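Below is one structure, written out as structure tokens; comments come after it.
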Amino acid sequence: MRIWRKVRQDAVTNHRIGISTFQDVVTGLSDHQTSRENVLFLLKCCGPFFPDLNHQERAEFVNKIWEFMNQSTTPSPDDYITLLQVMRRNRQCILNYKAFLKELRIPATAEIYEELLYLAAECNLIEQVFRILAEMKEKEFPATENVFNALILAHSRNRDLKNVELVLETMAAANVEQSPSTITELIKAYVENGTLDRAAGVLAKDGIFLSPDQVMVIVRAALNNNVDQSLVAAILKYLPEDIFQKRGIHSILRNLLTELVFEGKWNKALEVLNSLPKPIFHSHEDLDGYATFLINDMIKKDCSAEDIIAVCADLKESERNIRSLHVAIEIAHRRASPVALQLLEELSHSEELKPHFFWPLIIRGFENGGEQGILNVLSQMSKLGVNPDSDTLNLYILPRLTIILKSPGKAVKILEDCGVKMSQLLTPLASHLLIQKRFEETFDIVKTYQAKINCEALVSPLVTTHAHCTRTSLLGKIVALFSSRSDAPFDIGGKFLMELVTNRSNQSSYENLGKLIKEFFLCGVKISQMARDVVEQAVEKCLDKELAGTIKKDLRRIVDREMDSSTRENIGQHISHPRDMTLEELECHLVELEAKKLNTRGVLRRLLQLNVQRNKLDRAIEVKKLCDKKKVDLSPGMLASIFDLHVKTKNVKEAEWTWLELKKRYPGFAVDEHKVIDFASLLVEKGLLNEAKKVLTMRATTKIRGGSNSLKNAWNLLSKVAQHSAEAGTPEGETRGFLRFLVDLKYCDYHNTLLGPVVREFICRKDLPKAIEEFKEIANRFRKTPLKLELMTLILEVSNAKHDPAGFGTTQDDLPRMMEDVMAAVAKVHGSPNAQMTLIFALAEGGTDSQLRKLLIDPQIRINQELFQKQCDYLSNAQKVEPLVRLARCTRGLGYLIKEQDMYIMLLNSFVRDNNHEAALVLFDRICEDDELKLGREFVETLTDLLARNNIEIPTRLAIHAKVRN
């Protein structure tokens, strides 16, 4: 199941699991069959993988999981040991150990007693420790190292270092060597009892033998006992170097810091953070990613704004994250935390706040307090000296003030009271009223207030809604008013007319255009000469020459030859930018630019990118030569397209050079991962597996999106690996290892499609038994069934003598067992009906008519009609004639499944879509040879139309059926 895979992946990669996901898994235990291994995995997770839960919350998970295990099976001694170890990790004490022993469903072993002893020591139940120890002596259980470690812990918690030393002497006398676990408990004892010099001595002597988890246990003990930060730093140095070399903070340290935050010890978390080596940032790396999880945890824990600000200040001062406060604001917005405003106030002391910082607050204010909530945020913005810009007003404020804006005049006063200046408000308000088709109110509000407006911003809403204004005279007045209030010289009348004649979605009739131009004359609106030229050129297309002449005449009356209206700049906007042009338009534009001897570099860049994207590789190569000739600057996007071109043309050397050049010149640029995967596929095709892995690893240093975006590319790569592995005779399972490598780098997941090449490797090796074993392993581990139909078909083909069994490493006697294994695996994952359906279509491809008919009429076979239809559609689309015709023959008389004629129609329609009349005629002949009576009217008419469309003479046989004379 996907949710199980998610839990396991999080545990392995992040060392922590999402609480909601884990809760869903635990809640659904009783709804699905779950293996003992999976239940034990869940139980073990309850210790280290939930740093943001307290001991009581973890204990609740432990109790639920154990209750399920106890009810569904008889726990083994190892299960009880795991339970006790998890309880010790969570400080989940057993006050009555005898009751616990009575409830055991198996005899208590020495190991169970040892874990009980350790748990009692962890909980500082010293009397219980001695009672358990006495019972162990009575039962003559041996004194193992685990027992001595538990006694060291017990005496340490009892503040009795003398007995700790006696335990060590007893260990030596019993010839029990001190392991790293003993050293860990000993250092903990010294730290907890304040003998830090002795702790430091043992650490210096034996610290190198400690595992990372044991080092973290000692760090935890040191922090709980408020030792000096220098000792914490000294302990942390015994962690492996690769933990500190990891970009960011390693998960083992992240979990400790998160635990400290959720225990209210954020200052201790800061001590640990400052004990770590200072990160080194390269020029292409983000500077705001370090320790963001710590800020997120504090906001999630509802820490005060003062505490969060203190942590951010420390991160900034230490140069670990100079934008930590910005990150905190972003997280607070995302979590809808009330501290967001206080954090913004703090940020305002060091820099000028931008209006978009408040967009989440505006949205949340509206959700919680309606329109008044928005006004409250505006007041806060005013207090912090932030004025809302046009985007803020247009996108976030005005569209939500529906009640207030019923009266625009009153709305203006309300917004002014909240600190919004009229100079900032008038243009967005006029735009908003135009969009709502409130033309009269637009005119009145702009006329009432003397503020300047941005005419350029009002052209678009005016063009979009002008058709809804029933009074042309009002439109003329509005344009005239806008022109008189413009904050800069702008030909709003000319721009408006040009948009009307060039914008396809808002084109006005020539009659309306003529009326509007007359109104412009009456209202005193002037336009530029260039605007007139554009409109006149459009009017040339008018069929009514008299009307066209009138419009041209009126246009001349409103032209102001001295108007500078940014004419060329405005007209230029009617020429699409190369990024918005189609491939054909780009080619034409290139010819025009070359003819005028203008700069063609931008068009060449876009041409190269589009040709490569659309796999027009020959033209792409020509364009690249032009780019080289004109010395077009190689931007990162340009290099990425050239890289993709070399990959698609299978030019390994040039692709490798371009890849290295990209990494050298633009180390921060992330090439699309699908292009890198395709390059890796090319390298594998050339037998360079190690080089392919290096390239994929290099790309993985920057963010990988993964998911379905590059699924097809990853499948192609794995298919190449499978083929190479089979042909080169490399060790078996190479494809499996490569898939695991891709998953570890987060390029993909264990998808059914990607597991197909893992099985196919063994099919390519002609090793059918190994392919079946791999298939069964995948079904058990991932609950996926890749190539199930292909495997069943291959088994049937071999059994029906289409292939030599020896050629696939098997015998005829083994084939029935193989088929049973595949069927069982499919049934376990998808259910018996699905397995039976797969067998039906495998028989259609690799079986015989008698085998298929026998299965179809078997009353014990349950057939899902929807799935049957879907699979038939697949065969039809794939134009697999033989299997579909066999299915049609064998389903005769079984109308509850599908009509035979319908299957022929499905196949014919696929030929019609491809205009493949030859294949359609072959199908017609096949059906006639089998049974002419099965040719339905729809089939005959569809085939006749297809032939007629291609001017193909209708065969006599078909003409008879269609009742057509040649």
Side-chain angles (χ1 to χ4, degrees), residues 282-284 568-569 571-686 688 691-692 694-696 698-699 701-705 709-710 712-713 716-717:
H282 300 290
S283 58
H284 64 281
R568 298 190 179 278
E569 187 178 318
I571 294 299
Q573 293 174 9
H574 294 284
I575 301 173
S576 299
H577 191 279
R579 66 170 171 267
D580 301 319
M581 291 182 180
T582 64
L583 202 55
E584 293 73 19
E585 289 172 339
L586 282 168
E587 293 286 5
C588 293
H589 193 44
L590 177 64
V591 173
E592 291 172 0
L593 292 175
E594 286 178 336
K596 296 176 182 178
K597 298 183 179 180
L598 296 176
N599 187 345
T600 59
R601 291 193 291 271
V603 176
L604 287 172
R605 285 195 194 96
R606 186 63 181 152
L607 262 178
L608 178 64
Q609 290 172 339
L610 274 185
N611 278 298
V612 173
Q613 285 175 13
R614 298 183 185 182
N615 289 319
K616 296 189 174 184
L617 304 181
D618 291 339
R619 178 55 180 157
I621 292 170
E622 292 173 6
V623 174
K624 183 185 179 300
K625 290 178 180 177
L626 280 173
C627 291
D628 294 340
K629 181 180 178 181
K630 294 181 181 291
K631 297 182 179 179
V632 175
D633 292 335
L634 294 178
S635 65
M638 185 83 166
L639 271 174
S641 293
I642 295 172
F643 168 69
D644 197 23
L645 172 62
H646 291 318
V647 170
K648 288 178 175 178
T649 54
K650 298 187 182 300
N651 190 335
V652 178
K653 288 186 178 180
E654 289 296 326
E656 188 173 9
W657 182 90
T658 312
W659 167 254
L660 294 174
E661 188 71 8
L662 256 172
K663 304 310 288 183
K664 177 183 175 182
R665 293 174 60 175
Y666 306 102
F669 180 76
V671 181
D672 293 338
E673 57 203 65
H674 68 86
K675 294 178 183 176
V676 179
I677 294 173
D678 288 343
F679 180 39
S681 300
L682 178 60
L683 290 171
V684 171
E685 187 178 343
K686 302 298 182 182
L688 305 170
E691 286 76 1
K694 288 178 184 177
V695 168
L696 291 166
M698 287 173 69
R699 173 61 180 83
T701 56
T702 51
K703 186 177 180 181
I704 297 290
R705 286 190 303 168
N709 296 313
S710 52
K712 184 177 179 181
N713 308 80
N716 183 54
L717 168 58

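Since the structure is predicted, the reported quantities are computational estimates derived from the model, not experimental observations.
Atom NE2 of His589 and atom CG of Leu607 lie 10.0 Å apart (nearest 0.5 Å). Atoms CG and CG, on Leu608 and Leu586 in that order, are 11.5 Å from each other to the nearest 0.5 Å. In this structure, the separation between CG on Asp678 and CG on Asn713 is 4.5 Å, given to the nearest 0.5 Å. Atoms CG and NZ, on Leu604 and Lys629 in that order, are 11.0 Å from each other to the nearest 0.5 Å. From Ser681, atom OG reaches atom CD of Glu685 across 8.5 Å, with rounding to the nearest 0.5 Å. Interatomic distance, Leu617 CG to His646 NE2, rounded to the nearest 0.5 Å: 11.5 Å.
Minimum interatomic distance between Ser710 and His674 (heavy atoms only, all atoms of both residues): CB-CB, 4.1 Å. The minimum heavy-atom distance linking Val647 with Leu682 is given by the pair O-CD2, 3.9 Å. For the pair Ala680 and Ala692, the tightest heavy-atom approach, listed with the atom from each and the gap, is O-CB, 3.7 Å. Contact between Asp672 and Arg699 at its shortest, heavy atoms only, is C-NE, 4.4 Å.
Side-chain contact between Phe679 and Leu683 is present, with heavy atoms from C-beta onward closer than 4.5 Å. Side-chain contact between Glu654 and Ile642: absent, with no pair of heavy atoms (C-beta onward) separated by less than 4.5 Å. Looking at Ile621 and Lys624, their side chains never come closer than 4.5 Å, going by heavy atoms from C-beta outward. Leu717 is listed as a side-chain neighbour of Leu696, based on a closest heavy-atom distance under 4.5 Å.
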Listing, residues 659-670 side-chain donor-acceptor contacts under 3.5 Å, not counting sequence neighbours, or none:
| unit_1 | atom_1 | unit_2 | atom_2 | d |
| --- | --- | --- | --- | --- |
| Tyr666 | OH | Leu634 | O | 2.8 |

Worked verdict on Lys686 versus Glu691 for side chain to side chain contact (heavy atoms under 4.5 Å, CB included): CA-CA 10 Å; Lys686 302 298 182 182; Glu691 286 76 1; over 6 Å; no
Asp633 and Arg605: CA distance, side-chain angles, deciding distance, side chain to side chain contact (heavy atoms under 4.5 Å, CB included) verdict: CA-CA 9 Å; Asp633 292 335; Arg605 285 195 194 96; 3.8 Å; yes
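A donor-acceptor pair is defined here as one N or O able to donate and one able to accept, closer than 3.5 Å; such a pair exists between the side chain of Ser635 and the backbone of Met638. Panel note: side chain Asn599, backbone Arg601; a donor-acceptor pair is recorded below 3.5 Å. Under a 3.5 Å cut-off, the side chain of Gln609 and the backbone N or O of Ser641 do not form any donor-acceptor pair.
Judged as a side-chain hydrogen bond (donor to acceptor under 3.5 Å, both in side chains), the pairs with a partner in residues 614-623 (not counting sequence neighbours) are, in order, Glu587-Arg619, Asn615-Lys648, Arg619-Glu622.
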